[in-house]
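Have a look at the structure below before the remarks.
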Amino acid sequence: MKLPIYLYGHPVLRNISEPLAQDYQGLGDLISRMFEAMYESEGVGLAAPQIGLNIRLVVIDADPVSDAFADCAGKKMVLINPEIEILEGDKISRSEGCLSLPGISENVPRVEHIRLKYLDENFQAHDEEISGFLARIVQHECDHLEGKMFIDHISAIRKQLIRNKLANIASGKIRVDYPVKFAPTARRK
Ligand code: NI
């Protein structure tokens with residue numbers, strides 16, 4: 001069975017996730033299935049809370065957006081226990097979407113340069129400086145590990161304008177063309 005994407009309104013998206021241990025059972029298989037779910041839903045990143053697991057694990061494949069953002073070419077990553085350090089204070093706003101918020105995209109202000117420390121799928125340590133759109137994807141996905149979503153970064157006015165859309169997702173009143181899991185309180189499951 002394909003992994004469903006948990007949608008806005010599900011409490012698992014609002015928890016702070018736990019560090020991932022090296023002896024985590026079935027990690028390789030889980031990572032493969034996360035990539036599969038991400039490709040199925042045409043996303044460029046997926047964090048474990050979005051498949052219902054509060055562990056600090058992220059998969060990214062930014063290559064599909066490399067036509068618009070050249071720095072994303074060939075960037076396929078697995079991030080275990082990632083840590084972000086902000087390198088530059090200036091924030092730039094760009095449109096973002098999220099597989100857990102189907103049908104919503106908003107301009108989100110984020111810094112352009114970060115330092116990223118993480119373990120890869122073989123638990124090898126990396127320490128890299130990342131810029132541009134890839135840095136945005138990494139920040140978006142790492143937010144999920146803190147129980148945050150991109151709508152937490154938009155203005156109160158913008159949030160008011162998408163209030164009905166958010167309510168429809170949370171209550172199961174939308175159609176999504178990839179496997180999803182609605183909030184326990186939604187009418188559909
Ligand atoms: Ni997201």
Side-chain angles (χ1 to χ4, degrees), residues 2-18 20 30-31 33-66 68-69 72 75-84 86 91-112 114 116 118 130 132-155 158-159 162-163 165-170 172 174-183 186:
K2 292 212 167 77
L3 292 175
I5 307 290
Y6 283 55
L7 296 187
Y8 171 80
H10 199 292
V12 76
L13 293 168
R14 291 311 198 174
N15 294 335
I16 294 178
S17 290
E18 297 288 333
L20 182 59
L30 175 62
I31 290 169
R33 297 181 74 200
M34 283 178 68
F35 272 115
E36 187 187 26
M38 185 185 78
Y39 292 133
E40 170 87 12
S41 49
E42 298 182 6
V44 292
L46 185 67
Q50 296 181 276
I51 52 139
L53 296 174
N54 282 126
I55 52 176
R56 302 183 85 81
L57 171 63
V58 164
V59 299
I60 290 172
D61 188 344
D63 195 65
V65 294
S66 59
F69 305 102
C72 288
K75 294 293 183 185
K76 184 175 175 179
M77 313 168 86
V78 174
L79 310 181
I80 294 171
N81 302 336
E83 288 175 37
I84 289 176
I86 302 301
K91 291 186 176 177
I92 295 187
S93 283
R94 275 192 192 283
S95 181
E96 287 186 25
C98 179
L99 296 176
S100 296
L101 289 160
I104 296 180
S105 59
E106 288 290 321
N107 282 322
V108 180
R110 295 194 193 271
V111 297
E112 283 270 273
I114 60 169
L116 176 67
Y118 66 99
I130 295 177
F133 200 71
L134 184 60
R136 174 174 296 274
I137 297 171
V138 168
Q139 289 174 80
H140 174 120
E141 298 309 330
C142 289
D143 267 0
H144 280 299
L145 306 182
E146 306 299 332
K148 290 189 195 152
M149 305 181 83
F150 78 79
I151 49 168
D152 302 335
H153 297 289
I154 66 175
S155 70
R158 287 302 313 169
K159 199 155 180 186
I162 61 169
R163 192 171 55 119
K165 282 186 181 177
L166 290 173
N168 285 343
I169 298 172
I174 54 156
R175 213 173 260 286
V176 188
D177 61 6
Y178 45 86
V180 296
K181 189 162 176 74
F182 288 97

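Order of listing sets the numbers, starting from 1, for every ligand and every atom in it. Bear in mind the structure is a predicted one, so any value in this text is a computation, not a measurement.
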Who are the side chain to side chain contact (heavy atoms under 4.5 Å, CB included) partners of Ser93, not counting sequence neighbours?
Asn107, Pro109
Exactly one of Ile16, Asn15, Asn54, Val58 should register a side-chain contact (heavy atoms from CB on, under 4.5 Å) with Pro49. Which one does?
Asn54
Sequence neighbours excluded, which residues qualify as side chain to side chain contact (heavy atoms under 4.5 Å, CB included) partners of Ala48?
Met34, Leu53, Ile55, Leu57
Counting only protein N/O/S atoms, those under 2.8 Å from the Ni ion (ligand 1) total 3
Between Glu106 and Phe150 (side chain of the first, backbone of the second, donor and acceptor by atom type, cut-off under 3.5 Å), is there such a pair?
no
Lys75: partners by side chain to side chain contact (heavy atoms under 4.5 Å, CB included), with sequence neighbours left out:
Ala62, Leu134
Side-chain (Gln50) to main-chain (Ala47) donor-acceptor, under 3.5 angstrom
yes
